[in-house]
Amino acid sequence: MSIASEPTAVPRSFYRDPAVLERELGEVFGRSWLFVAHESEIPQVGDYVTRSMGGDPVIVSRTQGDGVRVMLNSCTHRGTQVCKVSHGNTTTFRCGYHGWVFGTDGDLKGVPGRRALYGPDFDLSRLGLRQARTEVLHGLIFATWDPDAPDLMTSLGEFGWYLDAFFGLFPGGMEVYGGMHRVNVRGNWKIHAENFSGDGYHLQVAHRTMFELGVMGDQAGAVEGFVVNDPNGHCLRSQYLADEGVPATVFGYEDELIEKALAAADPEVRRFREKTTVIHGLVYPNLLLITTAPRYFGTDADGSVAFTQLRVLTPIDQHHHEVAYWSLVPRDASPEWKAKSYLYVTRQHGAASYFEADDLENFRRIDAGLGAVAGARTPYNYELGVGAAESGPPPWRGPGRIVRQDFTEANQRTFVGRYLEQMGERA
Amino acid sequence: MSIASEPTAVPRSFYRDPAVLERELGEVFGRSWLFVAHESEIPQVGDYVTRSMGGDPVIVSRTQGDGVRVMLNSCTHRGTQVCKVSHGNTTTFRCGYHGWVFGTDGDLKGVPGRRALYGPDFDLSRLGLRQARTEVLHGLIFATWDPDAPDLMTSLGEFGWYLDAFFGLFPGGMEVYGGMHRVNVRGNWKIHAENFSGDGYHLQVAHRTMFELGVMGDQAGAVEGFVVNDPNGHCLRSQYLADEGVPATVFGYEDELIEKALAAADPEVRRFREKTTVIHGLVYPNLLLITTAPRYFGTDADGSVAFTQLRVLTPIDQHHHEVAYWSLVPRDASPEWKAKSYLYVTRQHGAASYFEADDLENFRRIDAGLGAVAGARTPYNYELGVGAAESGPPPWRGPGRIVRQDFTEANQRTFVGRYLEQMGERA
Amino acid sequence: MSIASEPTAVPRSFYRDPAVLERELGEVFGRSWLFVAHESEIPQVGDYVTRSMGGDPVIVSRTQGDGVRVMLNSCTHRGTQVCKVSHGNTTTFRCGYHGWVFGTDGDLKGVPGRRALYGPDFDLSRLGLRQARTEVLHGLIFATWDPDAPDLMTSLGEFGWYLDAFFGLFPGGMEVYGGMHRVNVRGNWKIHAENFSGDGYHLQVAHRTMFELGVMGDQAGAVEGFVVNDPNGHCLRSQYLADEGVPATVFGYEDELIEKALAAADPEVRRFREKTTVIHGLVYPNLLLITTAPRYFGTDADGSVAFTQLRVLTPIDQHHHEVAYWSLVPRDASPEWKAKSYLYVTRQHGAASYFEADDLENFRRIDAGLGAVAGARTPYNYELGVGAAESGPPPWRGPGRIVRQDFTEANQRTFVGRYLEQMGERA
Amino acid sequence: MRAEIEDFLVHEADLLDSGRYADWLDLLHEDFLYRVPVPLAREDPTQSPYDDVLEFANESKSFLEMRFRRIASDFAWAERPAAMVRHFVSNFRITPEGGDVEAYAVRTNVMVVRARLPEVPVIATAGRHDRIVRQDGVLLLASRVVHLDAEVPTESQLGVIF
Amino acid sequence: MRAEIEDFLVHEADLLDSGRYADWLDLLHEDFLYRVPVPLAREDPTQSPYDDVLEFANESKSFLEMRFRRIASDFAWAERPAAMVRHFVSNFRITPEGGDVEAYAVRTNVMVVRARLPEVPVIATAGRHDRIVRQDGVLLLASRVVHLDAEVPTESQLGVIF
Amino acid sequence: MRAEIEDFLVHEADLLDSGRYADWLDLLHEDFLYRVPVPLAREDPTQSPYDDVLEFANESKSFLEMRFRRIASDFAWAERPAAMVRHFVSNFRITPEGGDVEAYAVRTNVMVVRARLPEVPVIATAGRHDRIVRQDGVLLLASRVVHLDAEVPTESQLGVIF
Ligand code: FES
Ligand code: FES
Ligand code: FES
Ligand SMILES: [Fe+3]
Ligand SMILES: [Fe+3]
Ligand SMILES: [Fe+3]
């Protein structure tokens, strides 16, 4: 693969300029499918959660007939937020300013004094909460504001196969444990997205203390890896054990559960997941995912337990972004195991964990190093893996552009390419 | 009245974009007559207060010969504020940087070492503090930076009649009680201005707890209302009792005082004020006024007492504005009554009052609901009253465009229309 | 000298507009020679300090072969700051993200897994830390990002002579005492720069309390002064005693030390320094310097002791700037004297000193007085000294445009002229 | 006695912070008055910055009862969701009045943190001048004057009882 | 006893602020657990905003030992340079449990200032619910639950032990 | 004694906050020295961030008298209008020196709020290392070293005595 065919780096001004952020809200967040919630967060009719889609606040609700709606959390009268809390269950959303009432499907149900004040011809149907296009995949609720965007599966391209392998492994499906929580961090959101797209290269340095502490367990052993990406900007990195001595299984789940799952799984998916120590990736532009099974986090957290974490990045300004965290567990796992999985994810990848601290420290130091005049003349380097050898084929066959390198910036180049394309910076 | 003839809504970007705020400072605040102070705040020669005119800090002072001056609080040498406190009395304003001395009329009176350092030909008269055009109406001091603006009465148009009725009722005139205080609130200033221009519609919902608590007294009874507006953007809403059982009077003043006032009042003005329970309005662009007489605010505030409050809105940034509060009382009222009126206004409309909290909550929720991409596609709705019936004629005859509806957005449409006109957004 | 030939004032918008600040970073800070550190701060090989050049973070290090390097503190891989502390000694700078290692000369020394991951043809020499052009004068380290800028001496023009007189007086040279510290202050950086360029006019007013307290000692006596400036924007003001009764010497140094220095000094330089009570100035655009010898700062600081302070101004935003403070002492002075000099500079010009407070108060009041509409129509005045008489010739002959006035804005006009020229605001 | 008064005020803050308003009202003397005079910048440093007439708040016990009745209503929009409030009380200065009723002038410095989730918390600081009396053996808060450290507070800073 | 517990918690904060982590660990009971539940805005003001399941942190003594071992490493990037941390502890509310082991429920309000030089300091505030037990004559911290005053804290605010 | 020293420091803060500077000076020992060393980020976490040489302030009693004489002048521009200042003192740690003069090393944490009306208040926090001695029966402040929690403070944060 030659660098020539690859996009050039994102200019540093794109990490500093507020006007660029405003463009991103429109071109990237306004045109992409964005993950907003998991179905298990709103199991009952009337359940809702409030989320963000880039710069727009939304309500995600479960409506009659088991439908899921994603709509702008802004009254169509004068724009007041009609829902002010993080989650709950309701039959209607009542605006606190003049009392317009909306259904959980967003329809404008009532207007105080309607007939007398707005006249007989006033048409409520025009004035429901603005709806986003919504699609659900393995319980993941995606939405977009772009009426012309291709449907979700088309937008996912060949990456869909990997989402199946990631979220479809367990016959009973997965569910969110507890809910979602958020943290504000310093650094442009793109730095974080790039990191998850496939940056295996930083592990041995940024997270070296994790290895020193024996947290990674087998992951510290002989590992090989691959990255996969899709022109739509979706990226994934899979690291697995080269060590033959280790049995072929997905680590860190209750035996019966995982055996059932693997038995029922597509053979390629099974090969893909077996012996994998860590999978992390990016569903373009801002959904991050990771699954792994740490070995030790203290005497009360001894032995491999797997976790699956999702993150969504929302820009706050050019120098800060909000990170939303979810933990997913197999619906059929035992309550004890679920609690343990959450304990592990909290200690390894929780907002207050020190593993996380290492990454956040780098993000803020990149922000502090942006510079102005000299910075603008110092583009980032994306050559990792370019002109380097590839290893043997992966032990599984999957679609997408597979790069047989564990440490490479092929995925970062894909992310940057898609981003610049959406921003109209490339022919 | 057809919506077609009305302005379209203000784009939501006008509530988010800092460049729009900069334009507003020039086109709206730079060209309009702005209220800065009441004469009673600076009764003595040498008295001064410091205020803001949009983005410009000013000194309002009482000069020799009983003149009132409004001038930029910025030294003509290097721009230092020559007055740093909220109010006081002085003979001169001395700049703290190099000691230039200005009179209370703004004239440059002295320059240290003038002759030796600036030469014999140095002309001080060029370098007085920048003066704003100033006019006084019923003690209200207005000023503008626009040399080409029509005079105050012309700018007020037919609204002048209502200011007479509002501030001219008492032969002895009105005075500020105590002085002015300020609070910073979230939300674009235009949301607040619109609310006072004539939003009766929000009362029953946003302020429902006030009715529950019996604060409103008779205002909770059968009420009708009207709104009046002037093409220059000035608006007023008058709500009065339809209940024949209630005697015809202006509630909440000392009997002798109000009887004298009504006897001396123009008959139409008298009819306008009698039985009115609340008048609130907007002197375009940023002077808000309200008068009413609450019934009960605790055992130490039992019985109707009237108050008159003025507010001025000053934008801080696109998402915040400063609110300045004044309480006006009849100059001839007793000290006890004046204190009581101030107690009532503090408990109903003071910055820390919970009546106020309901409005401020809505303003901040509108700000939080602005959104970006989807928000931009969701214009606010201004159809209230359009195509609805009007009630019978008001019990008084006054000038201006009278809309015989209590709950209507006719005034908000007027405000928006004038605003878009000034901003050059309408042909 | 006629005002006509002088630049008009800087528009007030240049003190408010964030876009102007961005232009300044490029046109002014990106093209000028900027002071970053003094050689004595990094005496040993491997010593380094971290500083700012306008908007760019830099490392100033002492390399093998006694070279001094100034380089962007931003990894050439993904931009992470490679040095996170204020000062220290090291052999390499290791990036915390992926572990690239740079030498103290900025060369990229090592890349983890280089051969395997980047391939055999990967050229490290392309990817050293970005270097700024660097020159040293009397131990003062200057740097610029502009490859086309004339060399330092050319840029200093005739001002070089005064830097010799300022920093070259002592045969043993000068050194930084302790190090540098910083404070964030309100007010646009240009206000502060102008003040030091030659504003003697503010002393008697802004710092009047200093005279009242007897701090200034002889400086309170009969003084005359001169200002000198260079078209490149460099400015200096020298105030000296007209009082014949006072012996001719540079006050506040240990006798033996100053006598040796004066004996060895160029006769003109000697005349320039003798009887001078205070010299302050500006090396365009943002290096400020001052030397004087206060008389009394308490019973534990009694008697004239000289100090030399340097400051560098770094814009934070249009309304705030960072001030970095250094204290210089003759390398050959006694430890006791050095400590005393630092005590005096701390009490007179330290960030927490009240002498300083007077200036900072004016800077923030200028910022608060900027205004918007009316402010934009009220240009600052630069006529001080225009059309005023000049005094007799100074007791020394030096190059540059010497204006024989103690209180004049000739230097401020020079600063403004050069600034507007760089900003492309003047033909 | 010192410990008793400190505990009283710490407990009083705890009741406010945990929304136990009825219990808090029980700590108030019948004639309790809560005042927040407006601070204004004056030229003369010997003048108090706290205005004699202007006040951000003036609340009697019966008015406070109305405030809390309102908070219980479903239509107290500004209280939905309820703000999280936390008092930090320090620098206790207790002076017995020495009259024939047992009463104390108690001055404290207070920092109050208020958070309307999910918005970031807002901090306000003030000095408090309390009068505490013992009636039928129990301590009661007879009056409180709050000296706010801000001339132009935000609505969030004013949205608490200090 | 009141003074002893106040001194214990002031000393405990001092150890954290001065980076004497080994000494701090010695103050912890073997079964010590440190929890920071996530606050979430709820519609109903009677519901606690602190979630039963979601937590920013859940750290046992053995896990905390790992944390501090890491800090000692040269590769603890987020600790190079080390943050300056300062605790301000106030509003002590001490309740003896009255069981047969000497134990106290101690509630305090805490403000923690954290500065990663040269960045500006960040302030975080919270309420703490501690359990303190006496074992072999010495007081030990048995558990701590932190009620943070922010729903969406910054990484800096979370980067401390409250 | 503990209460006496706490009251002493609370009273001392009160004098500063209420501008009673003459009374405050009376609390200072003749040899009183007030130092604010500059904190600087260091690579090695075992190194103190507080520099041995660099200091934001170094003020003796006689110099402080000059400072306060100035404040009384009509030309103390930075004091017109006067700033409102409030100290919040907590985490008292008192250690008797045990020498033959009665002296104590007293460490406290302090938050200082400073407001130049109408500007918004500015908060600064620091740790204080005081030496308090008893002379002729009364406590005197012999020295104070302030460990500021900011490397690059604002002028407002530096504009107070901690
Ligand atoms: S803003 Fe929602 S009803 Fe008016
Ligand atoms: S700025 Fe006012 S006298 Fe110079
Ligand atoms: S950013 Fe420095 S090594 Fe990657
Ligand atoms: Fe990582
Ligand atoms: Fe209202
Ligand atoms: Fe000065």
Side-chain angles (χ1 to χ4, degrees), chain B residues 18-19 21-22 24-31 50 52-58 70-84 94-101 108 111-123 126-132 143-147 315, chain C residues 1-3 9-10 12-13 15-19 187-188 190-191 194-195 199-209 357-359 361-391 405-409 412 416:
Chain B
L21 175 58
E22 194 66 24
E24 288 176 346
L25 292 179
E27 300 307 317
V28 177
F29 291 89
R31 298 188 185 284
T50 53
S52 293
M53 288 173 65
D56 291 285
V58 295
V70 179
M71 45 216 178
L72 189 66
N73 185 7
S74 178
C75 181
T76 49
H77 179 224
R78 200 68 91 244
T80 310
Q81 285 187 326
V82 296
C83 182
K84 309 193 295 184
R94 178 179 195 164
C95 181
Y97 199 175
H98 308 94
W100 284 19
V101 176
L108 179 53
V111 169
R114 168 191 176 180
R115 198 154 283 289
L117 304 180
Y118 282 92
D121 308 335
F122 187 65
D123 176 11
R126 288 181 298 120
L127 291 165
L129 297 176
R130 175 164 294 274
Q131 304 277 328
T144 182
W145 298 116
D146 185 359
Chain C
M1 158 183 32
S2 106
I3 189 72
V10 175
R12 285 195 184 199
S13 62
Y15 298 81
R16 291 179 61 228
D17 183 351
N188 187 282
K190 297 185 287 294
I191 299 166
E194 236 192 36
N195 174 276
D199 190 332
Y201 191 41
H202 80 292
L203 280 169
Q204 298 285 338
V205 174
H207 303 301
R208 173 162 170 167
T209 55
D358 293 326
D359 287 317
E361 169 69 1
N362 284 314
F363 300 162
R364 64 193 301 114
R365 292 303 174 172
I366 288 174
D367 195 65
L370 283 171
V373 178
R377 301 174 191 160
T378 311
Y380 296 146
N381 182 280
Y382 286 86
E383 297 176 57
L384 182 65
V386 175
E390 297 199 30
S391 64
Q405 298 174 323
D406 186 18
F407 296 156
T408 178
E409 280 166 348
Q412 289 93 319
V416 168

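In what follows, chains are A, B, ... by sequence order, proteins preceding strands, each numbered from 1. What you see below is based on every heavy atom in this structure, not just the backbone, and it leaves out hydrogens, waters and symmetry mates. Treat the numbers as computed from the prediction; the structure is a model and nothing was measured.
- Between chain C and the residues B:R130, B:Q81, B:R94, B:R78, the largest count of heavy-atom pairs under 4.5 Å involves B:R78.
- Using a 4.5 Å cut-off between heavy atoms, B:P112 touches chain C through backbone and side chain atoms alike.
- A 4.5 Å side-chain heavy-atom check between B:Y118 and C:V386 finds every atom pair outside the cut-off.
- Only the side chain of B:R126 comes within less than 4.5 Å of a heavy atom of chain C; its backbone N, CA, C and O stay farther away.
- Residue with the most contacts toward chain B among C:G371, C:A374, C:A206: C:A374 (heavy-atom pairs, distance under 4.5 Å).
- In this structure, no portion of C:Y15 lies under 4.5 Å from any heavy atom of chain B.
- For B:L25, the parts sitting under 4.5 Å from any heavy atom of chain C are the backbone and the side chain alike.
- Interface remark: C:R364 contributes no atoms to any contact with chain B (heavy atom separation under 4.5 Å).
- The candidate with the highest count of non-hydrogen atom pairs below 4.5 Å against chain B, out of C:E194, C:H202, C:E361, is C:H202.
- The contact between C:N195 and chain B is made by backbone and side chain atoms together, counting heavy-atom distances below 4.5 Å.
- The aromatic rings of B:H98 and C:Y201 sit parallel, their planes meeting at an angle under 30°, below the 60° perpendicular limit.
- Going from atom OH of C:Y380 over to atom OG1 of B:T76 covers 11.5 Å, rounded to the nearest 0.5 Å.
- Applying the side-chain hydrogen bond (donor to acceptor under 3.5 Å, both in side chains) test to C:N381 and every residue at least two apart in sequence or in another chain returns C:E383.
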Would you please test C:R365 and B:T80 for side-chain contact (heavy atoms from CB on, under 4.5 Å) and show each step? CA-CA 5 Å; C:R365 292 303 174 172; B:T80 310; 3.6 Å; yes
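- Neither the backbone nor the side chain of B:D121 comes within less than 4.5 Å of any heavy atom in chain C.
- In this structure, the portion of B:L127 lying under 4.5 Å from any heavy atom of chain C is its side chain and not its backbone.
- Looking at B:F122, the atoms closer than 4.5 Å to chain C (heavy atoms on both sides) all sit in the side chain, from C-beta outward.
- Looking only at heavy-atom pairs under 4.5 Å with chain C, the residue among B:G30, B:S52, B:G96, B:G99 that has the most is B:G96.
- From B:Y97, atom OH reaches atom CG of C:D199 across 4.5 Å, with rounding to the nearest 0.5 Å.
- The shortest heavy-atom contact between C:G369 and B:S74 is O-OG, 3.1 Å.
- Contact of B:V111 with chain C is made through backbone and side chain together, with heavy-atom distances under 4.5 Å.
- Heavy-atom minimum distance, C:G387 versus B:P120: O-CD, 4.3 Å.
- Taking every heavy atom of both residues into account, B:P57 and C:A368 meet most closely at CG-O, 3.7 Å.
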